Every structure is written in structure tokens, then in C-alpha cells.
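To start, the structure under review is shown below, and the notes come after it.
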Amino acid sequence: MHRKTLTELAKGLRAGEFSSVELTRACLDRVDRLDEQLNCFITVTGEQALAQAQAADARLQSGAAGPLTGIPFAHKDIFCTHGVKTSCGSKMLDRFIAPYDATVTQYLNAAGAVMIGKTNMDEFAMGSSTETSYYGPVKNPWDPQRVPGGSSGGSAAAVAARLVPASTGTDTGGSIRQPAALCGVTGLKPTYGRVSRYGMIAFASSLDQGGPFTRTAEDAAIMLGVMAGFDARDSTCVDRPVDDYRSGLDDSLEGLKIGLPQEFLDTGLDSGVAAAVTAALGEYEKLGATVVDISLPNAALAVPTYYVVAPAECSSNLSRMDGVRFGYRASDPQDLEDLYKRSRGEGFGAEVKRRIMIGTYALSAGYYDAYYLKAQQARRLIREDFLKAFETVDVIMGPTAPTPAFRLGEKSDDPVTMYLSDIYTIAVNLAGLPGLSIPAGCIDGLPAGLQVIGNYFAEARLLNVAHRFQQVTDWHTLCPKGYE
Ligand code: GLN
């Protein structure tokens, strides 16, 4: 059963070929057998999953089922799940049992999807390798010596290893697309405001966006259809009807105009990844698209801008973790200040502390204009580059990440090199645009991702563009050895 895609599983459930309980058991067995070596899961919710599966089976029989009813999935441990530990990959929240469900969790529950557990991630979603987790690193199923990317590494690896047909992630600077690329799966970051952030633990509120990991674009369309939607509890959530992401999947790409940003073909780009992108563009030409060179002149500002905006916002968001209201509390404090200092000092890991310090500095009275305000201005320029490009092209394509999966520990001592893993994804978050990554090649046994960026709320078009590619290529069907 693990070989089937979400779409195939949904068909099988409806046809009565197997039940959701059987399917859920099969997933739980695989997690039990294979996750020790991968470390994708922080929490496995077996009992709850089987109860949900039973309810889903009843619903399937009553004929009131939707496309996700009875489908097992894994939830990034950043989404609050009522009664279940929600750690955000941090010692700070190691004992935090969420008292409510995130909106995305509620929507998935209401659709009858079966959550089998919570996945490992970089601490508070800060990282590109899932090595900053309090629960230890996740291994890439393609090569256990290598990282799965991050911060949603557990979710990406779980889909790549066929532990689950789908999972959720969040993308603040690339954390859905980059691990999707490094693990060889499909990952979609929606338009900012398309998916509710309520109950999704905040990292950088003006950038964070939830989205799905799946094996195919068709499956991502099903997941997004359930995850998206207006929510009055998130003031940045956009009140706009959710498209039927499946209806246009087969639309022709005849006449599609693809922009290839010249700034993405820089010296940091691995030659194998570059070749994969070129070959993918060739496939699109065969499908009737034309490729034109475009320029995003302010692309080089994206990483430095992000590393002011994201730390600034995280320093504010994470101030609630003070040892009083949430999470870890140091023992035997001398006084209130000692309680704050030691709770935060002991509860947060090194990368989180680094970001809080940078952010606090950037927001301090004397430096606000020089850093945060300047970064917001640069952000505007980055957004305008994209808007200008979309006057002449329908979608933008390029690499998702500059290299295939790197070795565990390889970038841990050099934060700036690590930050550059998101050089092609970050601008999309700063602009609030949708983007996805699909498998587009294999370099010495490691997957390479193609990134497709669209205009605001063009998710349906992106999925159509990805789906057509997946009909004529088989990169997305490759499976890491040992997980077939
Ligand atoms: N790698 C980037 C960072 O460390 C992006 C993380 C994310 O998208 N959550 O901030």
C-alpha cells in the first residue's frame, strides 16, 4: 500500500479494496520498522490514529467521505494538536501539550484525514537541515549520511521514505520547498494568507505559511484544497474562495511563458542542479511553453533582508517563552530575572539564541531605521521585481536549492553557508508569493528540485504546471533504496 500515491489510496478506500484502519496500520508498521534510522517523528499517535481511521471507515461507508477521508498523514510539530505534544523541535516546548487545534489541524480533522504523528523539525523552524532539533537530526532516506533539508525535514523525509503519503510543513524562507528538493518529493508553499496561521507556532509572522508535502502535484492539490481557506482568527488570512485545485491539472501548457531569472544561475549553483533545471525547461518547451530570460535585479538582497526581518520578528514572537506562560522553566530560580534568564538560556538551542539576539539588536531604538526599516524597503523592491516579471511571464522557474543534500554537520559551524541554502527560495517569502518544488533530476543518487514560482493566488496554475511535468517525466516516482 505504501507504494500508492494519495490519489490512488483515496480511490482504493472508496472502492473498498482496503479500509482506513488497514492503511493506517500499514503506515504505523512502516514507521515502527523504519523510523529508527530516519528520526522523522517526534511523536507517533498510534491509538488516536486508529480511532480516527475507524471513524473514517464509517464515513466512507456512509458515502459522506471527501478525498482525504481515511488518508494517513504526518503533521509538522509546529501545528498545535489538541491533547498531543507540540514541541516545535525545542526543549522549550518538550512538555507542551497543546490545549487547542490549529486551524489547519481542524480542517484536516474535519476532512477525515488520519494524523499518525508529529514530525521532527529544526528548532522553531530555524534552519535548513533539521539538525537544530532538540530531538536530534533527521537523516535523508537517499543517503543516511546526509541531511533532508529543513526546517520541515521530518515531514519531507517521511513522504520520501513512503512512511506516509502526505505531510504538512511550514515555509518561512524555504522550509517546504528546500527539503522537498533535497528529499525528492513535491512541496508547495502557498501565497501568504492562503492558509491560516492560527495555531501554527509563529517564527516570523509576516513570512510564515503552511503547505503540503506529497509525492505528486495531483496529491498536493488535494491537500491544499483542505488546508486552505479563510479564518477570522488569523488577521492576515485572505477572505477569498478556495479554488478547485484539481479541475485544471490537465490544462494544456501550450503558450505558457516561463521566466528564467538570470540571477539564479550564479556561481553558487551546483552544475548537476543547473543541468537538471535546463533539462526540465526543455521538457516544458516540448509541452508547448516558451522560456525567456528575465531579471530579478534585487535578488541578491533577499538573504540579507530576510536575516533582518526573520530574526526581528522571531525575537518578538519567542518572547512569550519566558518560563512563566509557556514551556520550560528552570528549577530553583533565585528571583524573577534569574527565572527568565535561565529558563530561556536552558530551553533554547544555539541557533534560536543567535536569531533572538540579532533580532533584538536590529529592533533596538538606535538601529531600527538602519536595519528593520531598511530591510522593509528592500523587501518592497524584491516584491516589485517579481510583479514586473509577471507582466511578461506566467510563471518563473529555477533551481529550488543550490546543491543536492549535503552531509550532516557539513554546514553546522558556519551559519552563513547554511543560510545560503535558501538563496533561491527566500525572495518568494519576502514577496508573499506561492512557489513549489518538484523532483526534476538525480545527481549521483541524490534528488534535485525544480522551483516554480507563481503570481499571487496562482496555486492552481502552479499545480497544473507541475502536474503536466509529472505526466511526462518520472523523477517523482523514484524511491530511495531500502524504502521500495
Ligand atoms: N532556512 C531558513 C531559516 O533558517 C528558512 C526556515 C523556514 O522556512 N522556516 O530561517
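Read the numbers this way: they start at 1 and go in the same order the structure lists the ligands and their atoms. The model shown is predicted, which means the values in this text are computed figures rather than measured ones. Counting begins at 1 with the first residue of the sequence.
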> Could you walk me through whether D208 and T172 pass the side-chain hydrogen bond (donor to acceptor under 3.5 Å, both in side chains) check?
Replying inline: CA-CA 4 Å; D208 298 341; T172 304; 2.6 Å; yes
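Of the candidates K118, H75, K76, T168 forms a side-chain hydrogen bond (donor to acceptor under 3.5 Å, both in side chains) with just one, namely H75.
Relative to the ring axis of Y328, K91 places its NZ or CZ within 45° and under 6.0 Å from the centre.
Scanning for side chain to side chain donor-acceptor pair (under 3.5 Å) contacts around S167 gives an empty result, with sequence neighbours left out.
Protein residues with any heavy atom under 4.0 Å from ligand 1: A125, M126, G127, S128, S151, D171, T172, G173, G174, S175, F203, Y306, Y307, R355, D422.
Here the side chain of S129 pairs no donor or acceptor atom with the backbone of G150 at under 3.5 angstrom. Under the 3.5 Å distance criterion, the side-chain polar atoms of D270 are left unmatched by any main-chain donor or acceptor of P404.
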